[in-house]
Visitor: 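Next up is a structure, given as structure tokens.
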Amino acid sequence: MLGQAAGFAVLAALSPQALLAVAVYLGSANPRRAMLIYLAGAVTMTVILAIVILVAIHAGGLNHPRQRQPRYGLRLGLGVLALGAGIFMARRKPKPKKENKKPSLVTRIMTHPAPIMAFAVGVLLFVPSASFIAAVQVIATAKASIGLIVLATAVVVIIVVAFVWLPFGFFLAAPDATTRYVRALDAWVQARSRVIIVGVLLLVGLLLVINGATGLA
């Protein structure tokens, strides 16, 4: 249970936008405060969503053995949606970049100096994805004790926000080197963000479709 949930959590953590925010905040006037508040927003959103999904699955009885078909049907549905989104993005031609293009809402919030805005970015960038929902569903539908469910959920949360707390930890130990490496990594990732997002969507979709179809069969 934990291994499968952790695998989906790793896929949920692969977010070019989350890494972009790290690069922006490490270069801000007060990087320690900005990163800490950004991490707080990311953790808050992820924990709340995990709890909501866990409660919803238990309230709907999907964790019961007799609800095997609806449970795997949900995974199959998530997989189809992820595959569809990945195929749509892959087939869609990227829009040509405009010199005077207006920045997105999240980008504008990132550059705002107010501390609460860093918290808002953490909340906005860590909305639920198909892979995150799948990770929590694996935990919620497993035959495990409350303690193990809490532990597994905590592990998933830690993994999902890893692209925030890991750079922050390295920054506290070596500020200049971390900032330099994060900016270089962010530049590489942003240049390939479309490929990364499409790849993650297709992989998550394929895994969920296979898992759901196998369970229903």
Visitor: Closest heavy-atom contact between Ala5 and Ile139?
Guide: CB-CG1, 3.8 Å
Visitor: Report yes if some heavy atom in the side chain of Arg32 is under 4.5 Å from a heavy atom in the side chain of Leu36; otherwise report no.
Guide: no
Visitor: Find the distance between CG (Asp176) and OH (Tyr181) and round it off to the nearest 0.5 Å.
Guide: 11.5 Å
Visitor: Tell me whether Leu124 is reachable from Ile116 by hopping between hydrophobic residues (I, L, V, M, F, W, Y) whose side-chain heavy atoms are closer than 4.5 Å.
Guide: yes
Visitor: Which pair of heavy atoms, one from Met45 and one from Gly122, lies closest together, and at what distance?
Guide: CB-O, 4.4 Å
Visitor: For residues Ala130 and Leu208, report the shortest heavy-atom separation together with the two atoms involved.
Guide: O-CD1, 4.3 Å
Visitor: Out of curiosity, does Val195 fall in the hydrophobic cluster containing Val200 (side-chain heavy atoms, cut-off under 4.5 Å, transitive links)?
Guide: no
Visitor: Less than 4.5 Å apart, any side-chain heavy atom of Phe126 and any of Val43?
Guide: no
Visitor: If two hydrophobic side chains count as joined below 4.5 Å and joins carry through other members, does Leu203 share a cluster with Leu78?
Guide: yes
Visitor: Side-chain donor-acceptor pairs under 3.5 Å in residues 144-167, sequence neighbours left out?
Guide:
from: Ser145; atom 1: OG; to: Leu148; atom 2: N; distance (Å): 3.3
from: Thr153; atom 1: OG1; to: Ile149; atom 2: O; distance (Å): 2.7
from: Trp165; atom 1: NE1; to: Ile158; atom 2: O; distance (Å): 2.8

Visitor: So how far is it from Ile109 CD1 to Leu125 CG, rounded to the nearest 0.5 Å?
Guide: 9.0 Å
Visitor: Give the C-alpha distance, both sets of side-chain angles, the deciding distance and a yes or no for side-chain contact (heavy atoms from CB on, under 4.5 Å) between Phe170 and Val182.
Guide: CA-CA 10 Å; Phe170 285 123; Val182 166; over 6 Å; no
Visitor: Starting at CG of Leu76, measure out to CD1 of Ile210 and round the result to the nearest 0.5 Å.
Guide: 11.0 Å
Visitor: Taking the side chain as C-beta and beyond, is there a heavy-atom pair between Val22 and Phe171 under 4.5 Å?
Guide: no
Visitor: Is there a chain of hydrophobic side chains (I, L, V, M, F, W, Y, each step under 4.5 Å between heavy atoms) that links Leu172 to Val24?
Guide: yes
Visitor: Is there a side-chain contact (heavy atoms from CB on, under 4.5 Å) between Asn211 and Gln4 once you walk through the steps?
Guide: CA-CA 11 Å; Asn211 185 270; Gln4 188 178 11; 3.2 Å; yes
Visitor: I need the minimum non-hydrogen distance between Gly79 and Val209, along with the two atoms involved.
Guide: C-CG2, 3.6 Å
Visitor: According to a 4.5 Å side-chain heavy-atom criterion applied to Ile, Leu, Val, Met, Phe, Trp and Tyr, with indirect links allowed, do Leu81 and Leu206 form part of one hydrophobic cluster?
Guide: no
Visitor: So Leu201 and Leu83, do their side chains get closer than 4.5 Å, heavy atoms only?
Guide: no
Visitor: Run the side-chain contact (heavy atoms from CB on, under 4.5 Å) test on Val136 and Phe8 for me, step by step, so that the C-alpha distance in whole Å, both residues' side-chain angles and the decisive distance to 0.1 Å come before the verdict.
Guide: CA-CA 9 Å; Val136 179; Phe8 282 120; over 6 Å; no
Visitor: According to side-chain contact (heavy atoms from CB on, under 4.5 Å), who are the partners of Tyr25, at least two apart in sequence or on a separate chain?
Guide: Ala21, Ala34, Met35, Tyr38, Met110, Ala118, Val121
Visitor: Quick one: side-chain contact (heavy atoms from CB on, under 4.5 Å) partners of Asp186, sequence neighbours excluded?
Guide: Leu19, Leu20, Ala23, Gln190
Visitor: Do Pro16 and Ile197 come close enough that some side-chain heavy atom pair is under 4.5 Å?
Guide: yes
Visitor: What are the two closest non-hydrogen atoms of Pro31 and Leu26, and how far apart are they?
Guide: CB-O, 3.6 Å
